Trainee: 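Sending over a structure as structure tokens; questions will come in a sec.
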Number of protein chains: 2
Amino acid sequence: MPEQTPATALQLRSLVKADHTVELFLETVEVPEPGPGEVVVRVEASPINPSDLGLLLAGADVSAAILSGSADRPVVTAPLSEAAMRAARGRVGIPMPVGNEGAGTVVAAGSSAAARALLGKTIAAAGGAMYAQYRCVDASFCLELPEGTLAVDGASSFVNPMTALGMVETMRLENHVALVHTAAASSLGQMLSRLCIAEQIPLVNIVRRPEQEELLRSAGAAWVCDSTSLAFTDELTAALKATAATLAFDAIGGGRLASQILTCMEAAATAAAGSYSRYGSAVHKQVYIYGSLDRGPTELTRNYGMAWGVGGWLLTPFLQKIGPDGMRRLRGRVAAELTTTFASSYTSQVSLAGALEPGAIADYARQATGSKYLIIPSR
Amino acid sequence: MPEQTPATALQLRSLVKADHTVELFLETVEVPEPGPGEVVVRVEASPINPSDLGLLLAGADVSAAILSGSADRPVVTAPLSEAAMRAARGRVGIPMPVGNEGAGTVVAAGSSAAARALLGKTIAAAGGAMYAQYRCVDASFCLELPEGTLAVDGASSFVNPMTALGMVETMRLENHVALVHTAAASSLGQMLSRLCIAEQIPLVNIVRRPEQEELLRSAGAAWVCDSTSLAFTDELTAALKATAATLAFDAIGGGRLASQILTCMEAAATAAAGSYSRYGSAVHKQVYIYGSLDRGPTELTRNYGMAWGVGGWLLTPFLQKIGPDGMRRLRGRVAAELTTTFASSYTSQVSLAGALEPGAIADYARQATGSKYLIIPSR
């Protein structure tokens with residue numbers, strides 16, 4: 001028989017204030033009665049993904065974060081620049097819940113069959129507001145994890161796995177045959193590398209440090225280019241010639257890397273075409289920017305003919321495009337390969353309060369390879 | 001009975017040489033016998049369009065052009081920068097014929113019915129190599145001009161009219177309801193403005209000088225924004241709110257204008273949506289770069305959410321996309337409105353030799369509003 005759910009529980013909130021600060025704190029919120037199609041999940045593990053940081057930190061200068069409050073109810077305050085404040089103007093004064101995804105146990109269910117079927121099960125959900133002890137979500141948002149799966153292993157079963165699968169699906173939908181990925185040693189990058197190896201899709205991994213190259217190569221990656229190498233553009237062009245990759249997913253965003261990739265794709269395509277064309281190659285070359293590790297401007301040199309595109313890429317509209325059936329297919333695959341292809345690992349496990357320690361914030365805000373946080377709300 | 005075609009005739013050529021120069025000269029070439037489906041056209045008028053300048057000048061520093069040769073066989077030599085030389089590496093040593101389009105009289109025809117039907121007719125063609133006294137082209141490339149049309153009036157019946165129509169068709173194909181156009185006082189821009197007025201499509205014209213704003217407004221344009229105005233972004237945002245334009249065609253390419261347009265589109269979309277979304281508006285915002293008046297890098301600030309794209313746009317792939325039927329439909333419309341919607345005017349008419357005068361080159365290479373050259377090869 002399921003345990004009693006408490007009347008109230010803690011939820012992490014992020015509040016942008018008119019005085020140009022963001023305030024992070026834990027709010028006591030009511031645990032709602034589930035509606036007919038809903039379930040209440042006791043959140044047992046929820047990762048801090050790069051895609052959570054925008055909502056969580058609002059672009060604040062975390063090196064200037066100040067801690068107040070008590071040990072179990074910490075309050076962190078950090079200043080926002082003019083630009084960050086402009087970008088956040090729509091959320092000033094609204095304490096936003098945070099946390100895209102997580103996993104836990106269904107402790108209460110509404111009257112519908114779908115909801116009742118999940119009672120007592122370990123599920124993963126991506127409903128937002130998962131940095132909380134309890135979360136009421138629609139049963140259809142829940143992915144039932146295979147018998148015996150730990151919540152810790154299911155916590156990251158949505159954002160990174162679906163993004164990696166979404167990149168591969170986008171490649172197929174838009175008629176490309178191979179992929180390029182930047183910041184390729186990230187959790188997502190390692191997952192994409194495993195997925196592409198399994199699917200025999202040529203993947204050109206771009207990293208920024210020799211040890212990241214080693215990490216990916218030791219896991220079987222065939223193509224890894226270090227953008228800090230003096231021979232980077234030659235090496236990238238050679239990899240693009242060999243793979244015929246004309247689609248890149250870029251997590252960096254700012255600077256010249258997206259443009260360099262297009263330049264090298266064009267060099268590879270021109271070499272393949274053989275003859276001169278005044279407007280460049282006719283092969284469409286595309287870079288989708290899905291992250292913003294470099295928040296500076298993207299600089300495009302446009303020396304790659306006319307058949308090119310750069311644009312934003314976001315998981316949610318992609319999932320809307322493939323529809324419920326496509327999404328079910330992808331989620332089923334994630335569940336089946338959760339501890340292999342789609343496994344995540346974490347360097348730090350913290351409580352909700354621990355996620356608000358300035359030292360921890362500074363660490364996860366860096367988004368460095370090999371540093372990945374998991375929130376355990378029951379701690 | 002058709003006149004005798006000469007055995008040889010003059011053709012303008014552009015030759016990039018390994019010594020980092022481009023050489024422009026007139027070559028004597030054989031006038032071929034037309035194949036079964038071909039016709040020989042006596043070219044009577046051919047415009048110098050912005051889209052001809054890349055092939056013609058190869059990015060040379062025309063201010064340093066040196067004239068040699070004779071009055072009727074001039075040779076112009078101009079230096080190429082390292083970057084221009086790199087971009088032209090595929091054409092070094094190959095004397096390229098130039099001239100995207102033109103009009104003239106069919107003076108010889110092959111044996112096919114389609115070819116024979118054009119004999120003696122005034123036609124427009126866009127086969128390339130039109131800066132020549134005679135040109136042999138496939139009959140299917142020819143647009144028969146309405147009875148009584150002068151070649152001068154039909155010379156620009158392809159590039160600008162089809163580009164303007166292509167922009168409107170692209171808007172419809174990609175589900176936008178209004179357009180933005182930069183360098184909007186150009187020949188093409190004035191044509192697009194007339195077309196959008198006729199089709200009742202809201203068009204936001206972006207210009208760079210007050211007199212260009214006046215020019216467009218006096219021709220009936222409802223929305224004109226001067227990018228040099230201090231209130232530019234406010235004015236542009238207001239125009240985008242009023243028109244709901246989410247697609248721009250940009251002839252400038254370099255600098256921040258493309259990004260500014262996306263920023264203002266996002267501001268307009270956010271105002272329309274009303275509520276805060278962490279990833280920006282869900283409305284897709286697109287800028288197609290089809291020209292390069294500013295050859296510098298394109299700088300994207302990416303402060304417009306994730307639903308945006310920037311890319312190259314070129315007429316030829318667009319026409320391939322709409323297919324022969326779509327193209328026939330558009331060409332028929334151009335022929336019917338050649339002296340109204342799709343009329344072009346010229347400030348200078350020059351001979352083939354006259355097009356090689358350094359003063360003329362410096363003038364048309366500036367691509368200034370109100371300066372447009374037409375080559376009359378028979379002069």
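Chain identifiers are assigned alphabetically (A, B, ...) following the order of the sequence lines, protein sequences preceding nucleic acid strands; residue numbering begins at 1 within each chain. Not measured: the values here are computed from a predicted model.
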Trainee: Given heavy-atom pairs under 4.5 angstrom as the criterion, report whether the side chain, backbone, both or neither of B/Ile289 touches chain A.
Mentor: both
Trainee: Where does B/Thr316 contact chain A at under 4.5 Å (heavy atoms): side chain, backbone, both or neither?
Mentor: neither
Trainee: Using non-hydrogen atoms and a 4.5 Å limit, figure out which bit of B/Ser292 sits close to chain A: side chain, backbone, both or neither.
Mentor: both
Trainee: What is the minimum heavy-atom distance between A/Gly296 and B/Arg302, and which atoms define it?
Mentor: O-NH1, 2.7 Å
Trainee: If you count every heavy atom of other residues, nucleotides or ligands that lies below 6.0 Å from A/Phe232 atom CZ, does the total exceed 12?
Mentor: yes
Trainee: With a 4.5 angstrom heavy-atom cut-off, is it the side chain or the backbone of A/Ser51 that approaches chain B, or both, or neither?
Mentor: both
Trainee: Heavy-atom pairs under 4.5 Å with chain A are the metric here; pick the option from B/Gly253, B/Gly280, B/Ala282 that has the most.
Mentor: B/Gly253
Trainee: Can you tell me how far apart CE (B/Met306) and CG (A/Leu315) are? Round to the nearest 0.5 Å.
Mentor: 10.5 Å
